[in-house]
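Notes follow once the structure below has been shown.
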Amino acid sequence: MLNQKQIRQCLDVMAEMFPDAKGELEHSNPFELVIAVLLSAQCTDKLVNKVTADLFQKYKTPEDYLSVELSELENDIRSIGLYRSKAKNIQKLCQMLLDEYNGEVPSSKEDLVKLAGVGRKTANVVASIAFNEPSIAVDTHVERVSKRLGICKWKDSVLEVENTLMRKVPRDEWSVTHHRMIFFGRYHCKARNPQCPECPLLELCREGKKRMKKLA
DNA sequence: CTCCCGATAT
DNA sequence: ATATCAGGAG
């Protein structure tokens, strides 16, 4: 397990590697962001952007999403995986916004997680990006990177990973750290073919050293 | 825990 | 061919 100083080192190296890491889901308001993040489950953000380019032209408000048949909305997001449950959740979410939040996206995480199709990870992303609330959303990348480096334990749940990161990382760095860990995981510490040989963090990475030994 | 599920990289 | 992709609900 990494100590505080080593974790600090990880954050600094990631900051150097990805100085302007930020969310890559295209949106122009909180409502579009919620839809985009909901769609991004088990799917690349690149594909989400391709779909939302047309989607956001056609649907501007919660009422717009509710004005069409479910099958039509399914069709509009078909190229994204899990499209049936996502389409259903979008309509349910829109109805909830109209019924309980005056048609506006709520800004608190407690309210966000109540929305259909919005779990803890999505709520954290929306709260962080749209409402500037410090958060560390733990997605597959953040979880994998944290566990490989040894910032947390292998069997930790995503909630435990989130709590550990919030304890070890200064609050005012939560949001940037979240984005940098995602970039680090997406482009360098990749799930399939991690770039261990050329990794500046190899010396303090438990999993990295294990992989190098196996490679030799 | 399983299921949802198409696109993409390897 | 198959693992993986900014997960969440039942």
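Labels below follow one simple rule: chain letters A, B, ... track the order of the sequence lines, proteins then strands, and each chain is numbered from 1.
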In whole Å, what is the span from the [atom1] atom of [X] to the [atom2] atom of [N]?
X	N	atom1	atom2	result
A:Glu143	C:dA6	CD	C1'	13 Å
A:Asp45	C:dT4	CG	C1'	14 Å
A:Leu112	C:dG8	CG	P	12 Å
A:Arg120	C:dA9	CZ	P	13 Å
A:Lys114	C:dA9	NZ	P	14 Å
A:Leu38	C:dG7	CG	P	11 Å
A:Phe18	C:dA6	CZ	C1'	15 Å
A:Arg144	C:dG7	CZ	P	10 Å

What ring pair (Phe, Tyr, Trp, His ring centres under 6.0 Å) pairs are there with at least one residue in residues 50-104 of chain A, not counting sequence neighbours?
A:Phe31-A:Tyr65, A:Tyr59-A:Tyr65
With the threshold set at under 4.0 Å for non-hydrogen atoms, list the residues of residues 147-186 of chain A touching DNA chain C in residue-number order.
A:His178, A:His179, A:Ile182, A:Arg186
Reckon [X] touches a base, only the sugar-phosphate, or nothing at all at heavy-atom distances under 4.0 Å?
X	value
A:Leu115	sugar-phosphate
A:Val48	nothing
A:Val125	base

B:dC5 and C:dT2: how far apart are their C1' atoms, nearest whole angstrom?
15 Å
Taking only the P atom of each, what is the distance from B:dC4 to C:dA1 in whole angstrom?
23 Å
N/O (side chain, A:Ser40) to phosphate O (OP1/OP2, C:dC5) under 4.0 Å
no
Taking A:Asn49 for its side chain and A:Glu26 for its backbone only, find out whether a donor-acceptor pair lies under 3.5 Å.
yes
So, does A:Thr164 use its side chain to make a donor-acceptor pair with the main chain of A:Glu162 at under 3.5 Å?
no
Applying the side-chain contact (heavy atoms from CB on, under 4.5 Å) test to A:Ser40, which of A:Lys121, A:Lys86, A:Glu24 qualifies?
A:Lys121
In terms of the nearest nucleotide of DNA chain C, which residue is placed more toward the 5' end: A:Lys92 or A:Lys22?
A:Lys22
Salt bridge (charged side-chain N to carboxylate O under 4.0 Å, His left out): pairs with one or both residues in residues 32-54 of chain A, sequence neighbours excluded
A:Asp45-A:Arg186
Would you mind building the protein contact string for nucleotides 4-10 of chain B? One character per nucleotide, 5' to 3', B for base within reach (heavy atoms under 4.0 Å), S for sugar-phosphate only, - for untouched.
BBBSSBB
Apply side chain to side chain contact (heavy atoms under 4.5 Å, CB included) to A:Gln9 and list each qualifying residue two or more places apart in sequence or on a separate chain.
A:Leu204
Qualifying residues under side chain to side chain contact (heavy atoms under 4.5 Å, CB included), relative to A:Met212, sequence neighbours excluded
A:Cys196, A:Pro197, A:Leu202
Taking the side chain as C-beta and beyond, is there a heavy-atom pair between A:Leu66 and A:Leu98 under 4.5 Å?
yes
Test A:Leu93 against A:Lys114 for side chain to side chain contact (heavy atoms under 4.5 Å, CB included), laying out the working first.
CA-CA 9 Å; A:Leu93 177 149; A:Lys114 292 178 192 164; over 6 Å; no
